[in-house]
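A short worksheet on the structure shown next.
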Amino acid sequence: MKKYAVALLALAIVAMPSCKNQNKKSEGTETKEISQKEALLQEDLKINVENLVESAKKIKSVPFAKTLPDGTVALTDKEKMVKPDYLLEASVANNLVTLSQKYRTVAMLTADKIVADLYEMPTTEYKTAISKLIIDLGDDAVKDFADTNWEDKGESDAAIGKLVDAEYAAGRSNFFWEATTAFLVEQLYVITRNIDKFMPMFTDETAADVTYNFVCVHEGITQMIEFYPEMESLNNALLPLYVINAISVDQLKEQLTELKGEIEAVRYFLLK
């Protein structure tokens, strides 16, 4: 697990006052005390990062699938004829400038492609846009994530865990949280567009997973702010969603219904 902490530890070490910058004292007592404090802070940071990585591996995607928990078909052929008009246009990937924009957008397009597949809509434009962004990012982990077979529960459950492994190991922890947040928010946005249709795909367990996801996102982004202050705006935008605390399908449906406007506002922020 040590490799996941390397990037944040390096930043922490730079941020902490170095013994070399203190007044040199012949006795060495104060220098020794500062050194011990640094060592303790570094160890605490390493433990926090490792715990956060383990928690992030348990983040689950929203259970969009071809079948419901009872084995029945999620969408009938008749329902598939009414295509959703709330998904992002693939052209949203054009003219993006920052890495944050690209990580967020590729995650949101991946979420929308899942829904497009569910409705048996053409996905060529999504695939093209996602592929272009992945080439721009030069990030194989994102490619693997986007190529996940989301209908396979085991593969979809493991997808975010694999992504966090790869991004922390490569020193891209901030972009992991940017992408994961966008992926989760886009899925919640989709649900709120037709909540009566999508909520039957949940069980009480997967409803509670949504609560866990946002607890984890809150913790992850909060830790990132110390080293990436620009992420504070993302954290502020997400504040309304941190109230999600559902542990059942009924509670989640009620909370998402109440938060519909806030979810749409966060989605808009992520696209800026």
Side-chain angles (χ1 to χ4, degrees), residues 1-22 30-59 96-108 137 139 141-142 145 160-185 210-245 262 265-267 269-272:
M1 293 296 297
K2 290 183 179 178
K3 62 182 180 179
Y4 304 124
V6 171
L8 289 182
L9 281 173
L11 285 167
I13 292 167
V14 170
M16 285 186 273
S18 171
C19 296
K20 294 179 181 178
N21 294 329
Q22 306 300 316
E30 185 174 341
T31 301
K32 183 178 180 181
E33 289 177 356
I34 293 172
S35 180
Q36 289 175 339
K37 288 179 181 179
E38 285 186 358
L40 288 172
L41 286 171
Q42 290 177 36
E43 186 62 25
D44 285 345
L45 179 59
K46 183 181 74 173
I47 292 171
N48 288 340
V49 170
E50 291 176 351
N51 288 340
L52 181 59
V53 168
E54 289 304 314
S55 296
K57 288 182 181 181
K58 298 175 185 176
I59 291 176
L96 300 177
V97 177
T98 69
L99 286 175
S100 288
Q101 289 174 327
K102 292 177 181 181
Y103 272 95
R104 293 177 186 182
T105 302
V106 74
M108 295 170 83
L137 294 173
D139 191 334
V142 173
F145 180 78
I160 293 179
K162 291 180 179 178
L163 184 64
V164 69
D165 272 345
E167 300 299 50
Y168 266 78
R172 292 188 292 262
S173 54
N174 56 321
F175 295 125
F176 164 77
W177 290 108
E178 294 265 14
T180 300
T181 299
F183 184 65
L184 297 174
V185 169
V210 175
T211 295
Y212 175 87
N213 290 347
F214 279 95
V215 169
C216 198
V217 162
H218 191 186
E219 182 182 359
I221 293 177
T222 299
Q223 287 198 17
M224 289 293 104
I225 290 173
E226 181 177 359
F227 309 107
Y228 303 95
E230 66 274 14
M231 293 187 72
E232 186 167 7
S233 60
L234 174 59
N235 188 58
N236 290 339
L238 288 166
L239 289 177
L241 305 192
Y242 292 150
V243 302
I244 295 174
N245 62 357
E262 285 81 358
V266 174
R267 186 202 196 217
F269 172 87
L270 290 168
L271 290 169
K272 291 197 300 182

Report task. Flag the pair Ser173 / Glu167 as yes when at least one side-chain heavy-atom distance between them is below 4.5 Å, and no otherwise. Result -> no
Report task. Specify the closest pair of heavy atoms between Val142 and Leu163, including all atoms of both residues, with the distance to one decimal. Result -> N-CD1, 4.2 Å
Query raised in the report: Between atom OG1 of Thr181 and atom CE of Met231, what is the distance when rounded to the nearest 0.5 Å?
Result: 6.5 Å
Query raised in the report: Where do Ala107 and Ala179 come nearest, in terms of heavy atoms and distance?
Result: CB-O, 3.2 Å
Requested in this report: For residues Leu234 and Leu270, determine if any side-chain heavy atom of one lies less than 4.5 Å from a side-chain heavy atom of the other.
Outcome: yes
Query - Side chain proximity check, Trp177 to Cys216, heavy atoms < 4.5 angstrom - result: yes
Report task. Using the salt bridge (charged side-chain N to carboxylate O under 4.0 Å, His left out) rule, collect all pairs that involve residues 174-185, keeping only residues at least two apart or in two chains. Result -> Arg104-Glu178
Report task. Mind listing the closest non-hydrogen atom pair of Val97 and Lys102 along with its distance? Result -> O-CE, 4.2 Å
Query - Min side-chain heavy-atom separation Leu271-Met108 under 4.5 Å - result: yes
Report task. Answer yes or no: is there a side-chain heavy-atom contact under 4.5 Å between Val106 and Phe145? Result -> no
Query - Nearest-0.5 Å distance, CD of residue Glu219 to CE of residue Met224 - result: 10.5 Å
Report task. Look up atom CG in Leu137 and atom CG in Leu99, then write down how far apart they are to the nearest 0.5 Å. Result -> 6.5 Å
**Report entry** Qualifying side chain to side chain donor-acceptor pair (under 3.5 Å) pairs, either residue in residues 231-241, two or more places apart
**Finding:** Asn235-Tyr242
Query - Ile244 side chain near Val215 side chain, heavy-atom distance below 4.5 Å - result: no
Query - Set of ring pair (Phe, Tyr, Trp, His ring centres under 6.0 Å) partners for Phe175, sequence neighbours left out - result: Tyr103
Report task. For a side-chain contact (heavy atoms from CB on, under 4.5 Å) with Leu184, tell me which candidate from Leu241, Val217, Leu238 qualifies. Result -> Val217
Query raised in the report: Thr211 and Asn245: which non-hydrogen atoms are nearest, and at how many Å?
Result: OG1-C, 3.2 Å
